[in-house]
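As the structure lists them, so they are numbered: ligands from 1, and atoms in each ligand from 1. Because only heavy atoms are used, hydrogens play no part in the values below, and waters and symmetry mates are left out as well, while side chains stay in. Numbers here are sequence positions counted from 1.
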Amino acid sequence: MNELRVNRERLWDSLMQMAEIGATENGGSCRLALSDEDKVGRDLFIDWCKGAGCSIEIDRMGNIFATRAGRSNRLPVATGSHLDTQPHGGRFDGVYGVLAGLEVIRSLNDHHVETEAAIEVIVWTNEEGCRFAPAMVASGVYAGLFELDYALERADERGVTMGAELERIGYAGDRPCGEHALGSLFEAHIEQGPILEQADDTIGVVTGAQGTRWYTVSITGQDAHAGPTPMVGRRDAVVAAAALIQSVERIAHERPPQAVGTVGALTVSPNSQNTIAGHVELRVDMRHPDAQIMTEMDGALRDSAAMIAEARSVVINVDDIWYKPPVVFDSDCIASVREAAAALGYSHRDIVSGAGHDACQVCSVAPTAMIFVPCAGGLSHNEAESAKPEDLEAGCNVLLNAMVERSGVVES
Ligand code: HGY
Ligand code: MN
Ligand code: MN
């Protein structure tokens with residue numbers, strides 16, 4: 001069968017309409033997980049899917065499964081991603097994967113294609129992990145990597161839990177999370193890094209993803225007056241935190257070119273200009289494609305914390321929040337993506353994802369692969385995130401054809 005094609009304008013319009021929900025003044029999106037904005041985006045997605053003839057199912061973690069029926073009762077071929085964003089999120093991270101899936105369904109309808117296996121689009125709850133840590137928690141429950149109760153009890157900075165928010169926005173589904181079996185999963189996503197754009201390639205055939213480790217580091221010194229307290233003998237938690245932040249960067253620089261380390265969040269107490277801070281909490285993110293090197297980085301961080309604590313007479317606790325080992329995707333699904341890209345004539349290359357994705361969880365329980373498209377400057381988790389309509393269309397064409405190849409088509 002000749003390669004099927006999607007509708008570029010309709011895909012772009014759906015992205016821009018979704019971007020109006022939680023739009024920020026600098027052109028980005030802010031729809032924190034399970035916020036009112038997230039609810040509005042979910043409701044719009046479900047309306048669109050029902051308009052395209054899908055049935056809808058919602059599980060206990062609020063994961064949404066939109067299904068376009070197939071002729072046989074083979075396990076569905078699924079796609080999807082997330083609608084929740086970072087606080088200064090872009091208009092494409094996650095959303096592209098969800099709406100590319102909707103575009104696949106709309107295009108199958110346009111072409112009057114009946115598939116053997118059902119085609120599904122999934123919205124995974126709380127992929128970003130910025131309001132409720134850790135990231136990819138709902139797809140993690142689905143894959144059996146987190147317990148349901150653990151996830152429902154995850155709380156935000158105000159102590160509001162995921163379970164309470166799911167009830168409040170009406171997305172506490174009744175279907176057990178993890179019961180909805182999938183035959184395979186393909187997730188389309190912007191690369192969020194510079195490789196495709198620098199290589200001038202249109203499609204990333206994603207073979208896996210690097211590992212991620214999150215920590216909460218708490219530093220306790222002593223509140224004291226900024227004026228009369230001599231410099232010698234201070235137990236200044238902010239200066240100790242500065243030393244630890246430098247260590248996180250050094251540990252990554254010492255393992256080029258792939259190791260990365262970030263301290264993206266920091267809270268100071270009492271946070272007063274004329275009080276030496278007695279307490280700081282840091283949130284650390286470290287990543288690498290090699291699990292052994294990740295273990296080394298973990299040890300280096302703990303050693304550095306011990307030395308800083310000694311030198312500055314503070315107490316430092318390094319608490320593990322989350323460890324996601326590196327993953328390798330399914331070779332047959334990867335081949336489906338590569339063959340679709342080649343058949344469609346798109347330049348493509350294999351790539352390992354620097355970011356985590358729901359596909360990195362689901363690959364534990366279903367054959368999985370991903371499709372990347374370039375984004376401008378490789379920039380993401382930034383309101384200026386952008387991607388070209390023609391690249392988004394290309395990725396969606398690859399998605400459509402890879403899914404149809406896996407699902408089988410009923411010859412009319
Ligand atoms: O952290 C990540 O890689 C993803 O954006 N949640
Ligand atoms: Mn994402
Ligand atoms: Mn993200």
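Between G356 and ligand 1, at least one N/O pair is under 3.5 Å apart. The N/O atoms of D285, backbone and side chain alike, include none that comes under 3.5 Å of an N/O atom in ligand 1.
Here is the list of ligand 1 atoms found below 4.0 Å of a heavy atom in H381: 5 (O). Against a heavy-atom cut-off of under 4.0 Å, A355 is close to the following atoms of ligand 1: 3 (O).
A pairwise comparison of heavy atoms in L75 and A181 identifies CD2-CB, 3.7 Å as the closest pair. Nearest heavy-atom pair across G62 and L166 is CA-CD2, 3.8 Å.
At a 4.0 Å cut-off, at least one heavy atom of R287 sits close enough to ligand 1 to count as contact.
The closest approach of H189 to the Mn ion (ligand 2), by N/O/S atoms, is made by NE2. Restricting D93 to its N/O/S atoms, the shortest distance to the Mn ion (ligand 3) is reached by OD2.
K324 is listed as a side-chain neighbour of C360, based on a closest heavy-atom distance under 4.5 Å.
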key: Audit row: M403, T79, side-chain contact (heavy atoms from CB on, under 4.5 Å) steps and yes/no   = CA-CA 8 Å; M403 292 182 78; T79 185; 3.8 Å; yes
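Between the side chains of Y171 and D43, a donor-acceptor pair is found at a separation under 3.5 Å. In summary, the side chains of E385 and S380 do present a donor paired with an acceptor at a separation below 3.5 Å, with no hydrogens or angles considered. Side-chain polar atoms of H180 and E57 form a donor-acceptor pair below 3.5 angstrom.
Residue E127 holds the heavy atom nearest to atom 6 (N) of ligand 1 of all those in Q86, E127, K324, Q192.
With the Mn ion (ligand 3) at the apex, E128 OE1 and H381 NE2 define an angle of roughly 90° (rounded to 10 degrees).
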